[in-house]
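Below, read A as the first sequence line, B as the second, and so on, with proteins coming before strands; counting in each chain starts at 1. The analysis underlying the following values was restricted to heavy atoms, covering all of them including side chains, and did not include hydrogens, waters or symmetry mates. Everything numeric in this text was worked out from a predicted model, so none of it was measured.
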2 protein chains.
Amino acid sequence: MITIEPPRLRAASDVPGGRRKQRVSMADVARLAGVSSQTVSRVANGAAGVVDTTREHVLAAMSELGYRPNSAARSLRYGRFNTIGVILFGLSSIGNSRTVEAIATHAAAEGYAITLIPVGAATQDNVMGAFTRMGELAVDGVVLIIEVHLLDASAVAIPPGVHVVVVDSDAGDRYPVVDTDQADGARQAVRHLLALGHRTVWHVAGPAESFAAERRAGAWRRVLEEAGRPVPAPERGDWSADSGYHAGLRLAADPDCTAIFAANDQMALGVLRALHERGRRVPADVSVVGFDDIADAGSYLPPLTTVHQDFAEVGRRCVDALLRQIHDEPTGAGTDLVATRLVIRGSTGPVGS
Amino acid sequence: MITIEPPRLRAASDVPGGRRKQRVSMADVARLAGVSSQTVSRVANGAAGVVDTTREHVLAAMSELGYRPNSAARSLRYGRFNTIGVILFGLSSIGNSRTVEAIATHAAAEGYAITLIPVGAATQDNVMGAFTRMGELAVDGVVLIIEVHLLDASAVAIPPGVHVVVVDSDAGDRYPVVDTDQADGARQAVRHLLALGHRTVWHVAGPAESFAAERRAGAWRRVLEEAGRPVPAPERGDWSADSGYHAGLRLAADPDCTAIFAANDQMALGVLRALHERGRRVPADVSVVGFDDIADAGSYLPPLTTVHQDFAEVGRRCVDALLRQIHDEPTGAGTDLVATRLVIRGSTGPVGS
DNA sequence: GAGCGTCATGTTTACGTAAACATGACTGCC
DNA sequence: GGCAGTCATGTTTACGTAAACATGACGCTC
């Protein structure tokens with residue numbers, strides 16, 4: 001069969017192996033199968049109204065040529081990309097990576113791919129830059145995992161008409177927000193320690209810019225105040241085990257300190273190490289509670305009592321909320337809170353046990 | 001000015017807030033600015049040959065209408081998506097998420113976005129399905145982070161003409177592979193323990209399907225054999241701290257066991273816990289070495305001696321290799337190894353110290 | 001001052017897909 | 001046996017962009 005090869009603008013570039021880089025289009029398949037490209041389209045989309053023999057010819061031609069639909073053309077045609085963008089500062093935090101994983105998995109189940117847009121540091125410029133890039137990206141909606149207050153200032157830069165869901169933020173009055181119920185988790189942790197008989201609870205807080213850290217610290221403070229307990233000055237870490245270690249060293253020096261609530265598990269790990277080095281037994285001398293319930297927490301020495309966050313559920317609800325917007329089911333602003341629960345392990349106990 | 005509104009197929013769907021979801025095209029901008037859409041295109045792409053006043057008019061029209069380029073159309077035109085796909089089993093492993101983060105960051109710096117394609121479980125079907133989906137995705141190349149042997153069987157399913165780089169695999173004879181030098185890392189770990197005077201070294205291996213686990217175990221065995229030491233039966237875990245804990249309990253029962261090399265830090269954490277519970281001191285009675293050097297490892301009790309992996313470098317080289325392929329600089333198959341180094345902390349010491 | 005080059009801008013076209021509309025063949029009914 | 005209806009398939013067109021080509025207005029040179 002003689003095929004007329006139209007002149008191609010791209011370099012024809014035959015790979016040594018003999019593979020051609022040229023994309024196969026519906027027209028190519030149609031030519032080989034001896035049908036129109038519209039029929040190929042019908043077969044590709046499983047539309048009715050194609051006779052079996054024709055369908056088989058087309059399918060045969062497709063697999064012979066290795067046809068794959070061109071999603072750019074498809075997106076252009078439909079005005080939809082079937083893609084969700086995720087803007088975040090980094091995957092290094094365990095919570096972020098698990099949330100992203102859940103988003104990816106759930107989005108895939110709904111036929112959406114996800115595009116990751118990392119933002120270097122939490123500077124205004126970077127965030128603005130990400131929004132700009134995002135605007136040009138082929139996405140139908142965006143999940144913002146920004147976790148810092150900067151969102152306020154840069155909110156104006158969110159291009160109109162872009163669907164947005166925000167994770168872990170106080171933007172609930174302007175955008176739909178999905179988040180873990182940080183405050184309730186912190187309350188459970190602090191009340192647990194008070195119930196064990198501790199006079200008050202020390203706190204190793206996360207970085208001041210973090211909204212989650214602030215809410216955990218706020219809830220800690222409120223529970224103590226409501227119970228009429230003294231509120232010790234909080235130590236501040238940066239989420240890392242190392243920063244928790246240094247905070248722990250300071251707290252270990254205070255003989256009154258018998259109960260510590262760390263704003264995440266990794267800082268709690270550092271606290272445990274500091275207490276151990278200073279000869280303060282956990283939980284006999286000091287009780288420690290973390291936050292997150294990462295997979296390793298049950299293997300700390302001792303196994304860590306901590307607040308379980310359901311990252312997977314957060315990711316799932318993000319995707320659901322976004323898809324609702326994309327499908328034109330108007331979702332108002334407001335905050336959707338995912339419940340937390342306290343997991344009691346070996347790092348907490350009654351005072352002086 | 002009278003604007004003729006062409007009939008739209010999509011629902012016009014005015015959002016209550018007054019925002020219109022309709023995308024603004026170059027033609028819209030051109031109409032408002034009183035120029036042709038080609039001139040708008042020139043301005044948008046910073047092409048020369050547009051007089052300043054015209055450019056300003058166009059820019060003004062752009063910002064008035066909130067114009068954003070349509071990347072689907074752009075991709076269709078160029079035959080390029082400026083997107084790299086990443087196929088992986090999950091982000092739950094710390095190594096994976098850090099590698100992905102590095103890929104995303106480095107790709108962004110090169111003007112590429114990344115699309116995440118999660119594969120549920122390591123079943124043949126799932127992998128094949130991912131390849132199929134991938135084929136339909138708007139990506140210029142793919143990084144495969146599959147880390148299991150399944151790749152062999154499904155390799156045939158990689159659509160021809162798709163650029164691929166594989167992480168952590170033995171596919172080096174068919175595709176470019178970027179990987180950490182697992183074997184060398186394991187060698188350093190085992191030799192370190194032998195140099196401390198331990199008669200031999202026990203091993204807590206990763207899952208049998210994992211290629212990285214196999215290479216670490218292989219190197220461990222070879223070093224022992226070369227040194228003429230007995231090779232204890234390896235314990236097997238699934239990378240989790242919990243599985244390391246159970247392996248550790250079994251090893252703790254063996255009074256001869258004085259040195260343990262765990263295939264990752266999290267299993268090492270579990271081993272530390274088991275040894276602690278069984279009253280075996282680390283490193284006085286037993287030395288422990290991990291693998292990965294995750295951020296927390298320095299805060300374990302005691303701080304963990306471990307093999308440092310440079311995940312960021314792996315991600316960077318993946319992107320570089322892929323871009324080289326995309327830009328038609330032929331990159332042969334072969335393995336690009338990223339060096340590891342042993343980080344000595346407090347969990348290892350001389351025998352009976 | 002005629003002719004040519006330069007440069008800003010407009011017009012045409014193609015990228016791959018799929019909806020909308022068009023065509024033609026065959027079936028079944030009276 | 002002719003006509004309407006059904007159904008498989010073909011043709012046209014639009015999606016938004018940008019390369020290639022076309023046009024027309026200047027200015028400069030000899």
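By the side-chain hydrogen bond (donor to acceptor under 3.5 Å, both in side chains) test, Ser97(A) pairs with no residue at all, sequence neighbours left out. Every residue two or more places apart in sequence or in another chain that forms a side-chain contact (heavy atoms from CB on, under 4.5 Å) with Ala47(B) is listed here: Arg42(B). In this structure, the side-chain contact (heavy atoms from CB on, under 4.5 Å) partners of Ala102(A), at least two apart in sequence or on a different chain, are Ala312(A). Remark: Ala33(B) pairs with Val35(B), Val58(B), Ala61(B) by the side-chain contact (heavy atoms from CB on, under 4.5 Å) rule, at least two apart or across chains. By the side-chain contact (heavy atoms from CB on, under 4.5 Å) test, Ala60(B) is found to be paired with no residue, residues two or more places apart in sequence or in another chain being considered. Ser37(B) meets the side-chain hydrogen bond (donor to acceptor under 3.5 Å, both in side chains) test with no other residue; sequence neighbours excluded.
Five base pairs at each end of the helix from dG1(C)-dC30(D) to dC30(C)-dG1(D) define two local axes, and these are offset by 50° (rounded to 10°).
The separation between Met62(A) atom CE and dT17(C) atom C1' is 12 Å, rounded to whole Å. With rounding to whole Å, Leu76(B) atom CG is found 13 Å from dT13(C) atom C1'. If you take CZ of Arg77(B) and P of dG16(C), they are 10 Å apart, rounded to a whole angstrom. Rounded to an integer number of Å, the gap from Arg74(A) CZ to dG16(D) C1' is 18 Å. Regarding Asn70(A), its CG atom lies at a distance of 10 Å from the P atom of dA18(C), rounded to whole Å. Atom P of nucleotide dA14(C) and atom CG of Asp28(A) are separated by 15 Å, given to the nearest angstrom.
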Just list the side-chain donor-acceptor pairs under 3.5 Å for residues 315-322 of chain B, sequence neighbours left out, or say none.
unit_1	atom_1	unit_2	atom_2	d
Arg316(B)	NE	Glu313(B)	OE1	3.4
Arg316(B)	NH1	Asp320(B)	OD2	3.0
Arg316(B)	NH2	Glu313(B)	OE2	3.1
Arg317(B)	NE	Glu313(B)	OE2	2.7
Arg317(B)	NH1	Asp336(B)	OD1	2.8
Arg317(B)	NH1	Leu337(B)	O	3.2
Arg317(B)	NH2	Glu313(B)	OE2	3.3
Asp320(B)	OD1	His106(B)	NE2	2.9

Provide a list of protein-nucleic acid N or O atom pairs under 3.5 angstrom, restricted to nucleotides 8-11 of chain D.
unit_1	atom_1	unit_2	atom_2	d
dT9(D)	OP1	Thr54(A)	OG1	2.3
dT9(D)	OP2	Val51(A)	N	2.8
dT9(D)	OP2	Thr54(A)	OG1	3.4
dG10(D)	OP2	Ser36(A)	N	2.8
dG10(D)	OP2	Ser36(A)	OG	3.0
dG10(D)	OP2	Thr39(A)	OG1	2.7
dG10(D)	N7	Arg42(A)	NH2	3.0

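Listed nucleotides dA18(D), dT17(C), dA18(C) differ in distance to Tyr67(A); the shortest reach to its side chain belongs to dT17(C). Listed candidates were dG16(D), dT17(C), dA18(C). Nearest to the side chain of Ser25(A) is dT17(C).
Taken from OG1 in Thr115(A) to CD1 in Ile84(A), the straight-line distance is 9.5 Å, to the nearest 0.5 Å.
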